Amino acid sequence: DISRQGQIMLLKLCCDISSIKATLQSNHTLKNIRSISENSDGFIQTDDGVMKEIDVATLINISYKNNPEGASRKKVIETQLHSGTRAAL
């Protein structure tokens, strides 16, 4: 099982928004991350907001597959310059 904290750690791997420098140094080659957890009742639990941000980060990586510098710039624009995204995370 992966907790919400585990999902946040995966997001930080793909796109660390703690600073612009950290975002630029995040992984820009991961293309796909899936996370599914089950609670004691067998229901799937994920934090949709965190998973959405992981999906956005990996889609940027796919879009810039041969250009990691372009991916890093796009992630900075999407996360550092949009205060709503930063506040949500």
Side-chain angles (χ1 to χ4, degrees):
D1 288 353
I2 186 166
S3 66
R4 182 177 192 280
Q5 185 62 32
Q7 292 172 3
I8 291 170
M9 291 173 71
L10 285 172
L11 174 58
K12 196 169 188 172
L13 174 69
C14 293
C15 188
D16 184 349
I17 65 165
S18 61
S19 69
I20 290 174
K21 182 177 180 178
T23 302
L24 290 170
Q25 293 174 339
S26 296
N27 183 293
H28 306 301
T29 58
L30 287 171
K31 307 276 189 287
N32 189 353
I33 294 178
R34 292 289 173 246
S35 168
I36 298 175
S37 296
E38 290 184 14
N39 65 15
S40 60
D41 297 326
F43 292 104
I44 295 173
Q45 294 178 318
T46 60
D47 185 315
D48 291 337
V50 174
M51 290 309 299
K52 177 185 172 278
E53 294 303 322
I54 290 172
D55 288 344
V56 167
T58 54
L59 285 172
I60 290 171
N61 291 349
I62 290 167
S63 297
Y64 290 87
K65 66 180 176 180
N66 295 321
N67 184 0
E69 289 179 3
S72 67
R73 286 190 298 272
K74 179 69 172 172
K75 288 178 185 177
V76 166
I77 291 167
E78 292 296 319
T79 60
Q80 300 293 330
L81 302 180
H82 290 114
S83 59
T85 301
R86 280 187 60 86
L89 298 174

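Only this structure's heavy atoms are used, side chains among them; waters, hydrogens and symmetry mates stay out. Bear in mind the structure is a predicted one, so any value in this text is a computation, not a measurement.
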*asked:* Could you see if Ile60 belongs to whatever hydrophobic cluster contains Leu24? Use Ile, Leu, Val, Met, Phe, Trp, Tyr and a side-chain cutoff under 4.5 Å.
replied: no
_Inter-residue atom distance Asn66.CG - Thr29.OG1, 0.5 Å rounding_ = 12.0 Å
*Distance from Glu53 atom CD to Cys14 atom SG, nearest 0.5 Å?*
11.0 Å
*Ala57 and Cys15: which non-hydrogen atoms are nearest, and at how many Å?*
CB-CB, 4.0 Å
*Nearest non-hydrogen partners of Ala22 and Ser18, listed with the distance*: CB-OG, 3.5 Å
_Positive for side-chain contact (heavy atoms from CB on, under 4.5 Å) with Thr79, one of Thr23, Val56, Ile20_ = Thr23
*side-chain contact (heavy atoms from CB on, under 4.5 Å) assessment of Asp16 paired with Gln25*: CA-CA 8 Å; Asp16 184 349; Gln25 293 174 339; over 6 Å; no
*After noting the C-alpha distance and the side-chain angles of Asn61 and Asn27, does the key distance pass the side-chain contact (heavy atoms from CB on, under 4.5 Å) rule?*
CA-CA 9 Å; Asn61 291 349; Asn27 183 293; 4.3 Å; yes
*Is there a path of hydrophobic side-chain contacts, each under 4.5 Å between heavy atoms of I, L, V, M, F, W or Y residues, that connects Met51 with Leu10?*
yes
*If you measure from NZ on Lys21 to CD on Gln80, what distance do you get to the nearest 0.5 Å?*
13.5 Å
_With rounding to the nearest 0.5 angstrom, report the NZ to CG distance, Lys31 to Leu59._
11.0 Å
_His28 versus Ala71, closest heavy-atom pair with distance_ = CB-CB, 4.0 Å
*Please answer: with hydrophobic residues joined when any side-chain heavy atoms are less than 4.5 Å apart, are Ile8 and Leu13 in the same cluster?*
yes
*Sub-3.5 Å donor-acceptor pair from the side chain of Thr58 to the main-chain atoms of Leu30, do we have one?*
no
_Minimal non-hydrogen separation, Leu81 against Ile77, with atom names_ = CB-O, 3.4 Å
